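Sequence lines set the chain letters: A, B, ... in the order given, protein chains first and strands last, and positions in each chain run from 1. Source: prediction; values computed, not measured.
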Amino acid sequence: MDVSKILDPLNNAQRQAVCAEAANVLVLAGAGSGKTRVLVHRIAWLLASENVSPYGILAVTFTNKAAGQMRARIEQLRGTPSGGMWVGTFHGLAHRLLRAHWKEADLLQHFQVLDSEDQFRAIRRLIKEMGLDEGQWPAKESQWYINARKDEGLRPDNLEHHNDPHKRGMIEIYAEYERYCQRVGAVDFAELLLRSHQLWLRNPELLTHYQQRFKFILVDEFQDTNTIQYAWLKLLAGDNTGMFAVGDDDQSIYGWRGARVENIHQFSKDYTGTETFRLEQNYRSTGNILNAANALIDHNSERMGKELWTDDGDGELIQLYAAFNEQDEAQFIIDKVKDWIDKGGLRSENALLYRSNAQSRVLEERLINYGIPYRVYGGLRFFERQEIKDALAYLRLTNNREDDASFERIVNVPTRGIGSRTVEIIRDTARNSGSSMWQAAYHLIEHKELASRALNALQFFVKRIEEIKSAIENLTLHEQIEHVIHESGLIDHYKKEKGERGRTRLENLDELINAGKNFDEDALEEEIETSDVLTAFLSHASLEAGERQGDEWDDCVQLMTLHSAKGLEFKQVFLCGLEEGMFPHRLSSEDASKLEEERRLCYVGMTRAMQKLVISYAEKRRLYGEEKIARASRFISEIPTEFLEEIRLGSSVATLSTMAAVEDKEAPVKLGQRVMHAKFGEGIVLNYEGQGRHARVQVNFEMAGSKWLVMEYANLQFC
DNA sequence: ATATAGAATCTTTTT
DNA sequence: GATTCTATAT
């Protein structure tokens, strides 16, 4: 292939990294510096010049989206499908390994992948079964504990309780959970990695096979790797493997879930002769935005060091708005968004970023008020929806009747008279005989050890599952799904749910059949055995939970947390709620390293902006029902004033029409509304009492301070 | 089995 | 303040 096509689109630094001769390469790629491009072109370069076949390449990312994009861009650049290459997420690749070597990994052939909700439910059930007090041993905490240990590569056997009763309990729960997973063939996310790591350790010839196969390993977002992921990579990389790691220590924002930036420092030590490259030219943001971001992140210690720059101009200054309260802040932001749209910009070019999800509500209310379509990221995803998980649980139970989690989920959904008491008896019976709940149910029916009503109901359930099982045996996946959602009674069950919610649930179940259809087609192409399609589909549902549900509008304002904004870019970005306690969050303010992570988060947020960045904070904020006075975030003072432009009260466009509408209703004014008084000047509505002409309004004037005024006489102008 | 009231909780999230 | 779970009553 023509090498110039690979190298010409690159700048100097990018080209050096792509063509690096060193076996091991570390690329420190700043925000917007062409990180993905370098990865993609490196792969194309290796294939073209090093005489490597796609078979010898493994590229690993964190999200399915990133993996998909990378694969697509490689194929686009090379103009040919890249069969044989392994491109995927850590979990996806680990899963692939375990499917191929389930026996050596000591798993059941049809092992299932638990998503975090499945895991949570399993742990909660086990804690109950163990007779532990749920108040003292919250399932959430245990789940967190177990995952953190697995991410560190630790099994219960490797853990010491040091006579700490709390620790001892946690370890016991962990051990119990492991036994359960092993028995029913369940594998959670962390287990995928830990288990495949173990698979290699215990089967040296298998490890050698993969080490010899993969001549080059490429890692995206290296700063986000945790202990087990790095160990996994290190094990897989043999003596002759070339490692190519791309990352940005300044964008490490997942320390709280086990990511270790240290790995980036460790890399050059572990791989001697590592050549390090820095990508500092930014193709996204204006000079002012970059300089401000550089100055902010400079307050962090222990950085690898990197300074973003651009060839383009300085652009506009960063706007800073000190809002009176969160209502005022929202009003200001929405006014600016409206300006943008009125000037012909797209709604989707605007992103409203915040530290925590609770902040979205006020913004949403304003957007609804103005009839501006928007989309909030972060809701439930398709395969996480209740009705979908119910349907999947039926499929799982027919597939594997040892699956207690699924059994318990659907034994009384739709309600068929199997109450919590009956479930408890089944659970106890299962526990006492060391069998599954399914077997226990059988036992109870056979020996008539239940009250007749419960017995009949249980018998009905068991029979129904058996019927479904035999009916779907020779069907294609989508036919299986269709059969299951009807015969299980789920359709009828959700038909009864009134309103919008019930309707979307039915639509989703319909959509599940569609998903099955697509899966069938893919399976046909890849010649997957019919009996394995269901298992593959169930794993797919766990590993790739699907798109987050958003509004149906194509062009809408984007609302999301700073964390979910990573990797994205927008022409106009609003960073909202920059107050001490909010951002940096109070739970992350005491600890120096946590604070630095917050600062990196701020850095990530700022560098999302292409043209305009607007930062705002509220002096007073109502949160969780309580009003709190706040100070501006320290991050604001860490940005040199030369890059900032303070926006004064009332400089935004008047919104007379909307206020008239509000005035018609019982409230005389809206809280947080800007008003103008002939004598006192401009202010913000703080409070009001009464209605109509007799209403009194409290206004905080910019110059004159806070005053109570009677609407009838005050003659306030809304602006 | 459902309905309602009171309590508890409220950072960030992918796989 | 809003949601979501839990306990209690019917």
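A glycosidic torsion no more than 90° from 0 defines the syn conformation; dT12(B) lies beyond that range and is anti.
A donor-acceptor distance shorter than 3.5 angstrom exists from the side chain of Asn263(A) to the backbone of Thr225(A), with no hydrogens or angles considered.
The salt bridge (Lys or Arg N to Asp or Glu O under 4.0 Å) analysis of residues 410-421 of chain A, with sequence neighbours excluded, yields the pairs Arg421(A)-Glu424(A). Among residue pairs with one or both ends in residues 118-140 of chain A, those qualifying as ring pair (Phe, Tyr, Trp, His ring centres under 6.0 Å) are Trp137(A)-His166(A); sequence neighbours excluded.
With sequence neighbours excluded, no residue forms a ring-ring contact (aromatic ring centres under 6.0 Å, His included) with Tyr494(A). The ring-ring contact (aromatic ring centres under 6.0 Å, His included) check on Phe222(A) picks up Tyr230(A), Phe267(A), with sequence neighbours excluded. Ser633(A) meets the side chain to side chain donor-acceptor pair (under 3.5 Å) test with no other residue; sequence neighbours excluded.
Along DNA chain B, the nucleotide nearest His563(A) and the nucleotide nearest Gly417(A) are compared for position; the residue whose nucleotide lies closer to the 5' end is Gly417(A). In terms of position along DNA chain B, the nucleotide closest to Arg416(A) lies nearer the 5' end than the nucleotide closest to the other residue of the pair Thr561(A) and Arg416(A).
Among the atoms of the strands shown, only primed sugar atoms or phosphate atoms (P, OP1, OP2) are found under 4.0 Å from some heavy atom of Asn412(A). Looking at heavy-atom distances under 4.0 Å, Ser564(A) makes contact with sugar-phosphate atoms alone, never a base. Within the 4.0 angstrom heavy-atom criterion, only backbone atoms of the sugar-phosphate kind lie near Asn64(A); the bases stay farther away.
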Worksheet, complete the sentence: With B for base contact, S for sugar-phosphate-only contact and - for none (protein heavy atoms under 4.0 Å), nucleotides 2-11 of chain B reads S-------BB
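The nearest whole Å value for the distance from the CD atom in Gln386(A) to the P atom in dT4(C) is 11 Å. At whole-Å resolution of the value, CH2 in Trp144(A) and C1' in dT14(B) are 12 Å apart.
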